[in-house]
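In what follows, a structure is listed as structure tokens, so that the remarks can point back to it.
So that the names make sense, note that chain A is the first sequence line, chain B the second, and so on, each numbered from 1.
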Protein chains: 4
Amino acid sequence: MTLIVLNFKTYRESTGEQAIRLAEICEDIANDYSVKMVVVPQVADISVISKAVRIPVFAQHVDGVGYGGFTGHITAASLKEAGATGSLINHSERRLKLADIDESITACRKAGLKMIICTNNVATTRACAALEPDYVAVEPPELIGSGIPVSKADPDIVTNSVKAVKNIAPKVGVLCGAGITHGEDLKSALELGTEGVLLASGIIKAKDQRKALEDLVTGAH
Amino acid sequence: MTLIVLNFKTYRESTGEQAIRLAEICEDIANDYSVKMVVVPQVADISVISKAVRIPVFAQHVDGVGYGGFTGHITAASLKEAGATGSLINHSERRLKLADIDESITACRKAGLKMIICTNNVATTRACAALEPDYVAVEPPELIGSGIPVSKADPDIVTNSVKAVKNIAPKVGVLCGAGITHGEDLKSALELGTEGVLLASGIIKAKDQRKALEDLVTGAH
Amino acid sequence: MTLIVLNFKTYRESTGEQAIRLAEICEDIANDYSVKMVVVPQVADISVISKAVRIPVFAQHVDGVGYGGFTGHITAASLKEAGATGSLINHSERRLKLADIDESITACRKAGLKMIICTNNVATTRACAALEPDYVAVEPPELIGSGIPVSKADPDIVTNSVKAVKNIAPKVGVLCGAGITHGEDLKSALELGTEGVLLASGIIKAKDQRKALEDLVTGAH
Amino acid sequence: MTLIVLNFKTYRESTGEQAIRLAEICEDIANDYSVKMVVVPQVADISVISKAVRIPVFAQHVDGVGYGGFTGHITAASLKEAGATGSLINHSERRLKLADIDESITACRKAGLKMIICTNNVATTRACAALEPDYVAVEPPELIGSGIPVSKADPDIVTNSVKAVKNIAPKVGVLCGAGITHGEDLKSALELGTEGVLLASGIIKAKDQRKALEDLVTGAH
């Protein structure tokens, strides 16, 4: 089943009350169109949203630290208890040290959270596949928020990422992101060998978020 | 009125369900003993706790970014909407770049959040006072979690911080922290010129958190 | 005497052999026009340049660590032994945590190095003045490398920085930077109360670096 | 031929004048005992040392940025021009973001510098091997500077790192480090499948650095 991960980032249109409404729209889309949707709100919104919807709720970032004296850090344990079932790690807007990516993955495994590691090119995709997360999501930073879909602008980065992951760690799923907005973008992402997409502004900043999501999923067939 | 700020850090005893219970204990203490208490839980716990208690709920960290493409960041807007009324900034376990402290303060002012900037010595206390936050909390890092109260181990750092702040920005309140556990620690902190204390493990790791807080506030007189 | 600090950054025109030639030009200008010039090459070029010229050679960055196990760090001791007599700290392109600025200043004092702390606005200028370095250099990041001089685009940030520093720590000198290229830029910087300027691309990327420097210093009168 | 990489860190005994003497000792050892030695001094010492000895001189860190506005960064171009022929990347005391490790590798390739990426466990060794540097050097952080050799304390981390690298990128050489001091440590490191060792305090803090190096290389046979 196609996987669509919607990163809420810190947009006004996906914060607080509006985040709850957007998550509910995503749940409707998942039910109506038989796609797997994951919502990725800000940490402060996770507990409310995880009570409001039954689709998976992921965090946008998780630190690799455990219980203890780690003021200001986001722990896997706190995310889990708030209702999250997974997390993005190393998003282009929140890049991590390699050793910290490794520790975040370990913390997620221990807490039973799924993880999607974001990467910026084929080399870092290879490196992250070697860490054996659930998913790698490759996103060329220059296309993020651009409206120019990676699946059109740079299909090679997607197919080479898929190849690299299959060579190193075949169980790791591959997503792609950056500029994904329309059904045809999703369609070509799937044709290039990914299991789905990671997207954000194309949906969140749309005049009609529900319609934008419907266009995305119906246009992919 | 004496101000007692309890930093929940990421201890097991102050995460999720246990964070709610601890916040309720703090509320009881505030009501029973006429002290001002602020609870500082992890971000994922803020929305639930701010509904459970009426005392102020602060975040442990806030980023200086606004609405937009800032995946994995903690925005003042999301904290405010979740019910927080303030935030720690630059805690010793989550130190920030100077320019980012300035941006976090600006973001808090805009969102109507109070801010407590943590500092590690008299020089950085002077520097942070110049940024005119609501409070500066001086905590020598080597005493944090040590059980040795700063007010005994290094009273000069407290009195010199109070002096420095009064010279540069007299409206800024001064707290002290690190090793504060017992009533006498709080008492000497107040005698040294502070408006209260920032504390954590001494209470959170206590066998009986309520009793530890009662001892703290009753022993100060 | 007017102070002109030339930051070599990592431009091709100011790396290695070309850095030596540029430093020699700066020395000629200092001698011919009775201005005080400081050159700020990359660390790898400091030892050669400090043997080639007699004007002060500063580093672009210094870490606050001492002798010991600090692989990859730039220590005040190594800079001093290589011939540097000072360092920039917290440049906009190499921002530091507040606690690390404080430690870098302490390390410079101990090694006998002068320090110029870079700041990005009036608030951070106030904060850095409170740390009592030799100089604060205020540079609005959006004007760096723009060719639009801060002294024209935002004279208030300069005069307010001068005022703030004089209030908090009158012994601290004030420089300004960002977009400074021509003699009139330097002239207005001095008229706004600074002791000189911090500049880079306007000189380094000039077709004729010597002529650009001559224009700068002769045009200021 | 066995490869011995001596990280000078920022010890007093390997800074400035003392760094030159130590590099000369290393050159003598390389000549007298037919081992390949690489010296890794602080950046400020590279140009002088690379003129004083003919053995390879590596930097302790290199940033992934090129020519331009990157104040305070260490560029591959400046290292090359100062006489370095390679660099450590991501040492445990100077950990980097994954994307920055990738950029540092790219910068080294472009400048013709060799690279040794340091890793802290088998997982990060796998990840770094996927980036195809010249060498990976695995060093458990808790053993660094301990005097307890990794080859004895945790031989599995070494053999599993060698296996992982051979699977993913067989051309990448493997070194190990942390606690390596004596000939027997080097001997067991080689027996576990590495091409050599990365070491520091065991030699640098020795009463007689020359004798310590002689003991290391003669004791390995």
Side-chain angles (χ1 to χ4, degrees), chain A residues 7-20 40-51 59-63 65-84 87-96 118 139 144-145 198 200-201 204-205, chain B residues 7-20 40-51 59-63 65-84 87-96 118 139 144-145 198 200-201 204-205:
Chain A
N7 180 0
F8 284 22
K9 296 195 175 183
T10 65
Y11 290 112
R12 184 192 293 268
E13 298 79 2
S14 47
T15 296
E17 286 295 324
Q18 298 188 70
I20 302 171
V40 191
Q42 292 178 68
V43 178
D45 293 328
I46 286 176
S47 69
V48 178
I49 290 178
S50 68
K51 279 164 206 147
Q60 294 175 16
H61 165 73
V62 57
D63 288 299
V65 300
Y67 292 121
F70 301 106
T71 302
H73 289 74
I74 298 172
T75 63
S78 77
L79 295 175
K80 179 81 176 180
E81 210 166 326
S87 185
L88 302 185
I89 293 172
N90 194 45
H91 188 276
S92 169
E93 293 157 6
R94 189 76 168 81
R95 282 179 174 173
L96 297 185
C118 300
E139 297 191 297
I144 292 178
L198 174 58
S201 59
I204 290 164
K205 305 288 286 181
Chain B
N7 179 0
F8 284 22
K9 297 194 174 184
T10 66
Y11 290 112
R12 184 191 294 268
E13 297 81 0
S14 48
T15 296
E17 286 296 324
Q18 298 187 68
I20 302 171
V40 191
Q42 291 177 69
V43 177
D45 294 328
I46 287 175
S47 70
V48 178
I49 289 178
S50 68
K51 279 165 207 147
Q60 294 175 15
H61 164 73
V62 57
D63 288 300
V65 300
Y67 292 121
F70 302 106
T71 302
H73 289 74
I74 298 172
T75 62
S78 77
L79 294 175
K80 178 82 178 181
E81 211 167 324
S87 185
L88 301 185
I89 294 173
N90 194 46
H91 188 276
S92 170
E93 293 157 7
R94 189 77 168 82
R95 282 179 174 175
L96 297 185
C118 300
E139 295 192 298
I144 292 178
L198 174 59
S201 60
I204 291 165
K205 305 289 284 182

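With chain B as partner, the option from Val62(A), Leu79(A), Thr75(A), Val48(A) having the largest number of non-hydrogen pairs under 4.5 angstrom is Thr75(A). Options Glu93(B), His61(B), Lys9(B) differ in how many heavy-atom pairs under 4.5 Å they form with chain A, and the most are formed by Glu93(B). No other option in Ser47(A), Gly83(A), Ser14(A) has as many heavy-atom pairs under 4.5 Å with chain B as Ser47(A). In terms of heavy-atom pairs under 4.5 angstrom with chain A, the leader among Gln60(B), Arg94(B), His91(B), Arg12(B) is Arg12(B). Between chain A and the options Gly16(B), Gly68(B), Gly72(B), heavy-atom pairs under 4.5 Å are most frequent for Gly68(B).
A donor-acceptor pair shorter than 3.5 Å cannot be found between the side chains of Asp45(A) and Ser78(B). With no hydrogens or angles considered, no side-chain donor-acceptor pair links Glu81(A) and Thr15(B) at under 3.5 Å. Between the side chains of Gln42(B) and Thr10(B), not a single donor N or O lies within less than 3.5 Å of an accepting N or O.
Only the side chain of Ile74(A) comes within contact range of chain B, with at least one heavy atom under 4.5 Å from a heavy atom of that chain. Ala44(B) touches chain A through backbone and side chain together, each having a heavy atom under 4.5 Å away. For Ile204(A), no part lies under 4.5 angstrom from a heavy atom of chain B. In this structure, the portions of Glu17(A) lying under 4.5 Å from any heavy atom of chain B include both its backbone and its side chain.
A search for salt bridge (Lys or Arg N to Asp or Glu O under 4.0 Å) contacts involving Lys80(A) returns nothing, not counting sequence neighbours.
Between Tyr67(A) and Ala77(A), the shortest heavy-atom contact is OH-CB, 3.5 Å. Contact between Ile49(B) and Pro41(B) at its shortest, heavy atoms only, is CD1-CB, 3.6 Å.
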How far apart are the C-alpha atoms of Thr71(B) and Leu88(A), what are their side-chain angles, what is the distance that settles it, and do they pass the side chain to side chain contact (heavy atoms under 4.5 Å, CB included) test?
-> CA-CA 9 Å; Thr71(B) 302; Leu88(A) 302 185; 4.3 Å; yes
